[in-house]
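Just so it is clear: chains get the letters A, B, ... in the order the sequence lines come, proteins before strands, and each one is counted from 1.
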Number of protein chains: 2
Amino acid sequence: MRSKDEGPWKGLGEFIRAQRELAKLSVRQLSEMAKISNPYLSQVERGLYKPSADVLKSIANALQMSAETMYGQAGLLDDDETVDDAINRVEAAIKLDTQLTTEQKDTMMRIYRGFTQR
Amino acid sequence: MRSKDEGPWKGLGEFIRAQRELAKLSVRQLSEMAKISNPYLSQVERGLYKPSADVLKSIANALQMSAETMYGQAGLLDDDETVDDAINRVEAAIKLDTQLTTEQKDTMMRIYRGFTQR
DNA sequence: AGCGCGTGCTTGGTATACTTAGCAGACAAG
DNA sequence: CTTGTCTGCTAAGTATACCAAGCACGCGCT
């Protein structure tokens with residue numbers, strides 16, 4: 001994972017700073033709302049550090065934007081939306097189901113894949 | 001988030017482990033796909049560490065699920081991301097699937113409802 | 001001349017995410 | 001039996017996200 005160049009997520013800091021200034025908040029004000037320290041927010045805005053997901057979420061909430069928007073800006077969402085079709089929707093729904101045991105999921109997967117074999 | 005909530009991460013590791021076993025992958029196999037070390041994946045699955053967002057995304061990709069799904073399970077997506085109506089999700093996904101015949105959909109519905117009857 | 005309060009930034013440290021090297025058990029084949 | 005190769009896990013280290021304390025400036029007031 002370790003991205004070695006600093007550029008890519010530097011845009012995130014600029015984005016946060018822009019949003020903060022747009023909301024007319026000081027570094028300290030926003031940092032307090034987001035429950036992070038003010039020097040750290042300053043460093044994040046200048047691209048020195050890559051904030052973790054929960055910090056991002058916290059900042060997003062303080063700025064009244066959705067966490068997904070923030071993750072998108074951070075480049076943490078933009079992955080392979082390769083196959084958006086029904087196969088993955090069914091399989092994803094099964095996998096996510098909290099009521100099924102692993103064996104039951106396995107069974108449904110095998111049946112489903114058997115059906116969709118062509 | 002240095003706040004007081006320290007432990008509530010319970011489910012994520014178990015979730016990842018369940019998904020990995022569902023995909024019939026070893027710790028080493030998945031860790032290689034996700035480009036993380038195998039002991040670290042092991043520790044994550046046992047709830048010892050809280051993986052960062054990009055690691056989560058990487059694992060999600062390796063498991064062929066969307067990053068948002070993974071974030072949702074990790075509790076990193078904004079709270080209103082309720083997953084408790086997974087039932088409807090599975091049933092809806094099956095109904096909408098264009099690859100299944102009516103009889104096949106019926107079969108999966110019966111099996112699914114049989115599983116979730118308690 | 002101060003003083004007080006605001007701004008953002010630097011320093012130095014701690015906590016934790018993450019890695020590399022290696023261990024012990026299970027199973028298969030020679 | 002030994003040897004090789006899986007499995008997951010432990011131990012010990014490195015890298016970095018994050019915090020507390022403090023610095024340097026600017027602005028308004030007395």
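Listed candidates were D:dC19, D:dG22, D:dC9. Nearest to the side chain of B:Arg46 is D:dC9. In the set C:dA17, D:dC18, D:dC9, the nucleotide with an atom closest to the side chain of B:Lys50 is C:dA17.
In this entry the distance linking CD of B:Glu32 with P of C:dT19 reads 13 Å, nearest Å. If you measure from atom CG of B:Leu48 to atom C1' of C:dC18, you get 13 Å, rounded to the nearest angstrom. In this structure, CG of A:Asn38 is placed 11 Å from C1' of D:dA21, rounded to the nearest angstrom. Distance, B:Ile36 CD1 to D:dT16 P: 17 Å, rounded to whole Å. If you measure from atom CG of B:Leu56 to atom P of C:dA17, you get 11 Å, rounded to the nearest angstrom. In this structure, A:Ile16 atom CD1 and C:dG8 atom C1' are separated by 16 Å, rounded to whole Å. Atom pair A:Lys35:NZ and D:dC19:P shows a separation of 12 Å (rounding to whole Å applied). Following rounding to the nearest Å, A:Leu30 (CG) and C:dT7 (C1') show an atom-to-atom distance of 14 Å.
Put simply, the side chain of A:Met70 reaches to within 4.5 Å of the side chain of A:Ile16, judged on heavy atoms. Side-chain contact between B:Val90 and B:Thr116: absent, with no pair of heavy atoms (C-beta onward) separated by less than 4.5 Å. Looking at B:Glu45 and B:Val27, their side chains come closer than 4.5 Å, going by heavy atoms from C-beta outward.
Contact check of residues 20-29 of chain B against DNA chain D (heavy atom, cut-off under 4.0 Å) returns B:Arg20, B:Ser26, B:Val27, B:Arg28.
Distance alone, capped at 3.5 Å, places no donor-acceptor pair between the A:Thr102 side chain and the B:Ala18 backbone. Panel note: side chain B:Ser31, backbone B:Arg28; a donor-acceptor pair is recorded below 3.5 Å. Listed for the B:Thr107 side chain is a donor-acceptor partner under 3.5 Å among the backbone atoms of B:Glu103. Remark: side-chain polar atoms of B:Tyr71 are not paired, donor with acceptor, to backbone N or O of B:Leu56 under 3.5 angstrom.
The phosphate of D:dC18 has OP1 or OP2 within less than 4.0 Å of a side-chain N or O from A:Ser52. Side-chain nitrogen and oxygen atoms of B:Ser42 include none within less than 4.0 Å of the OP1 or OP2 phosphate oxygen of D:dT10.
Residues B:Ala60 and B:Ala67 share a closest heavy-atom pair of CB-CA, 4.0 Å. Pairing each heavy atom of B:Lys50 with each of B:Tyr40, the nearest pair is O-OH, 4.1 Å.
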Give me the distances for all protein-to-nucleotides 11-13 of chain C N/O pairs that come in under 3.5 Å?
none

